Enquirer: 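Take a look at this one; I'll ask things after.
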Number of protein chains: 2
Amino acid sequence: MDASAILERIAFRDEPAKSAEPIRARINVGTAGLCSECSLRHLCLTVGLDALATKAFEQIVSARVRIGKGETLFRPGEPFRALYAIRSGSCKSVLVTEEGREQVAGYHMRGEIVGIDGLSTRFHESEAVALEDSEFCTLPFDRLEEFARRDARLQHGLHRLLAAEVARERNVMLMLGTMRAEQRLASFLLDLSRRYRDRGYSSTEFILRMTREEIGSFLGLKLETVSRLFSRFQEEGLIEVHGRAVKLRNPAALKEIIGQRG
Amino acid sequence: MDASAILERIAFRDEPAKSAEPIRARINVGTAGLCSECSLRHLCLTVGLDALATKAFEQIVSARVRIGKGETLFRPGEPFRALYAIRSGSCKSVLVTEEGREQVAGYHMRGEIVGIDGLSTRFHESEAVALEDSEFCTLPFDRLEEFARRDARLQHGLHRLLAAEVARERNVMLMLGTMRAEQRLASFLLDLSRRYRDRGYSSTEFILRMTREEIGSFLGLKLETVSRLFSRFQEEGLIEVHGRAVKLRNPAALKEIIGQRG
DNA sequence: CGACTAGTTGAGGCCAGTCAATGTTGGTGG
DNA sequence: CCACCAACATTGACTGGCCTCAACTAGTCG
């Protein structure tokens, strides 16, 4: 089987969908291979690679996937074949246990990489759902590994990527384990703020892509609690909220809230 | 600087200790290099390596560290140089934030590998504290990376190790985000049970190495709550507790508790 | 023995969950 | 354009689970 056939298999996700509704993922093979011109290359795995290596890296990133809002990029139980770099849009990752316990494990925006959850068992364990129409670059993992064996810089990048995921989850653990509701929400807002800033957007004004329920699930709270806290923060002049539009009026005060007693 | 000098630097931790009390870590260089005979080789990074590669791997594992109960293997802020395989004993890892927020992030026993927390920033972000006198094999990370570039099996093993840590933390997230106190404790006990079983110990009778406070910190609960739950589980005939000695009398019922409603 | 740490148990309070009613928004079709 | 509907969001009243504070007990080590 040649490379393009493998890529088609990956791109078209040839295993049967586990769920009733069809996956309407579409693919643009033609537009692939532009890492060296990608505005996100300083956020992606190409960090640390020189121009030549980036060109070589483009050979790996040979497929793009577009999915619509609410559609899934991968589902629990599906074989793990690739990581996905978010080229545009955003997604959430959702954990589901046998007993039906469900939790939003993360919220990911452009320039970030999702799919690591499948690396441990070689099957995806979580679900990635687009929160808006989104586009992803497919990074076939076996080819990444091969590249990493030849290039220590990419190896480093890959390790750092995995380690960053560990670090991110550790922070979530800390939040869930030690913070009270208002601290969790403040922490969530400041985290978003920082990440939007890193991407060149406003750090004080942004649109939430998640519902109150999804935010609550991520923060270990109920949607009513989240809603109440938004209202309270607004009353206290910390933020302005109109539905999903949020403006941070006093980030310093939010930071202070997080620092308060155990 | 030759290899043994590097190892000495690692072993004797030449950077100044951040805390008042001295680190009394001792080292046995002489006993290193026995991976091929180690009873834990099927749990360690050597999984998947053949005899020859395991022999080669021994060259990497060139130092052992012994530390006493309550002493630290590494501290936040220290440069990351190596991963540590627990050869005997156990340890906890503790997260500390700037604001003094503190949480036990994990409990690790023999055959497990700690220190991954330093990989992201190249500085350790958590503290590893021995819960009993313990012995660790030092795996210098640069040499691991070098080996992984030459041997795809070790590369796989390393990736799986990192991915397993991601998966472990995801489970902790789920626990902290969706479970009530009794479910968290049940989940904790069954997790220990499984891991002791995997190591050839009894899965129903074991000694806790952590205090109630440490367990509580890990589970996002207060020590009083943990204590009360132990008592209640005992009243209900689920377990027997005498201080830190625990006997699971009805693991199935513990499993059921976890499965209960949201 | 006394000091100390770890653990247990009780009483009461508060934070967040639960249940429920109402308001708002966005998409669809007449 | 508006009516309608479903999904999302807000707000209130009440409940309950876990925390807080506190007293007491059981080991442990000098």
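All chains are named by letter (A, B, ...) in the order of the sequence lines, taking the proteins before the strands, and each is independently numbered beginning at 1. What you see is a predicted model; the values in this text were computed from it and never measured. Only heavy atoms go into these numbers, but all of them, side chains included; no hydrogens, no water, no symmetry mates.
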Enquirer: So for atom CZ, which belongs to Arg195(B), do other residues, nucleotides or ligands contribute more than 12 heavy atoms lying within a distance under 6.0 Å?
Expert: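 Count over threshold, so yes.
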Enquirer: If I take atom CG in residue Leu223(A) and atom P in nucleotide dA20(C), what distance separates them, rounded to the nearest angstrom?
Expert: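 From Leu223(A) CG to dA20(C) P: 15 Å.
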Enquirer: Between Glu224(B) and Lys222(B), does at least one N-O distance fall below 4.0 Å, as a salt bridge requires?
Expert: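 The answer is no: the pair does not qualify as a salt bridge.
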Enquirer: Tell me the interatomic distance from Met179(B), atom CE, to dC18(D), atom P, rounded to whole angstroms.
Expert: 13 Å
Enquirer: Expressed as a whole number of angstroms, how long is the span from Gln260(A):CD to dC15(C):P?
Expert: 12 Å
Enquirer: Just one of Glu132(A), Glu214(A), Glu102(A) clears the salt bridge (Lys or Arg N to Asp or Glu O under 4.0 Å) bar with Lys92(A), so which one?
Expert: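 Single pass found, and it is Glu214(A).
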Enquirer: How many whole angstroms separate atom CD of Glu182(B) from atom C1' of dC19(D)?
Expert: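 Going from Glu182(B) (CD) to dC19(D) (C1'), I get 17 Å.
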Enquirer: Look at Glu235(A) together with Arg232(A) and state whether they make a salt bridge at an N to O cut-off of under 4.0 Å.
Expert: no
Enquirer: Rounding to an integer number of Å, can you tell me how far Ile207(A) CD1 sits from dT25(C) P?
Expert: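 Spelled out: CD1 on Ile207(A) to P on dT25(C) is 13 Å.
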Enquirer: In whole Å, I'd like the distance from the CD atom of Glu213(B) to the P atom of dC4(C).
Expert: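 Computing the Glu213(B):CD to dC4(C):P distance gives 18 Å.
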Enquirer: Atom CG of Leu131(A) and atom P of dC8(D): how far apart are they, to the nearest Å?
Expert: 12 Å
Enquirer: Out of dC18(D), dG7(C), dG17(C), which has the shortest distance to the side chain of Leu221(A)?
Expert: dG17(C)
Enquirer: Please work out if Ser227(A) contacts a base, only the sugar-phosphate, or nothing of the nucleic acid, heavy-atom cut-off 4.0 Å.
Expert: base
Enquirer: For dG17(C), take OP1 and OP2 only and decide whether either is under 4.0 Å from a side-chain N or O of Thr225(A).
Expert: yes
Enquirer: Counting the atoms with a prime plus P, OP1 and OP2 as sugar-phosphate, which does Ser231(A) contact under 4.0 Å by heavy atoms, base, sugar-phosphate, or nothing?
Expert: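 Counting heavy atoms under 4.0 Å across all strands, the contact made by Ser231(A) is with sugar-phosphate only.
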Enquirer: Considering every strand and a 4.0 Å limit on heavy-atom distances, what is the contact class for Arg228(A): base, sugar-phosphate, or nothing?
Expert: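 Base, at least one base heavy atom under 4.0 Å.
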Enquirer: Given dC18(D), dA9(D), dG17(C), which nucleotide is nearest the side-chain atoms of Arg244(A)?
Expert: dA9(D)
Enquirer: Of the listed nucleotides (dA16(C), dT18(C), dG7(C)), which one gets closest to any side-chain atom of Lys222(A)?
Expert: dT18(C)
Enquirer: Does Glu224(B) contact dC18(D) through a side-chain donor or acceptor facing the base, at a distance under 3.5 Å?
Expert: no
Enquirer: Contact class for Gly216(B) vs. all strands (heavy atom < 4.0 Å): base, sugar-phosphate, or nothing?
Expert: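 Result for Gly216(B) = nothing.
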Enquirer: Answer yes or no: does a side-chain N or O of Arg212(A) lie under 4.0 Å from OP1 or OP2 of dT10(D)?
Expert: yes
Enquirer: What is the distance, to the nearest angstrom, from the CG atom on Leu208(A) to the C1' atom on dT25(C)?
Expert: 15 Å
Enquirer: Can you confirm whether more than 12 heavy atoms, excluding those of Gln234(A), are under 6.0 Å from its CD atom?
Expert: yes
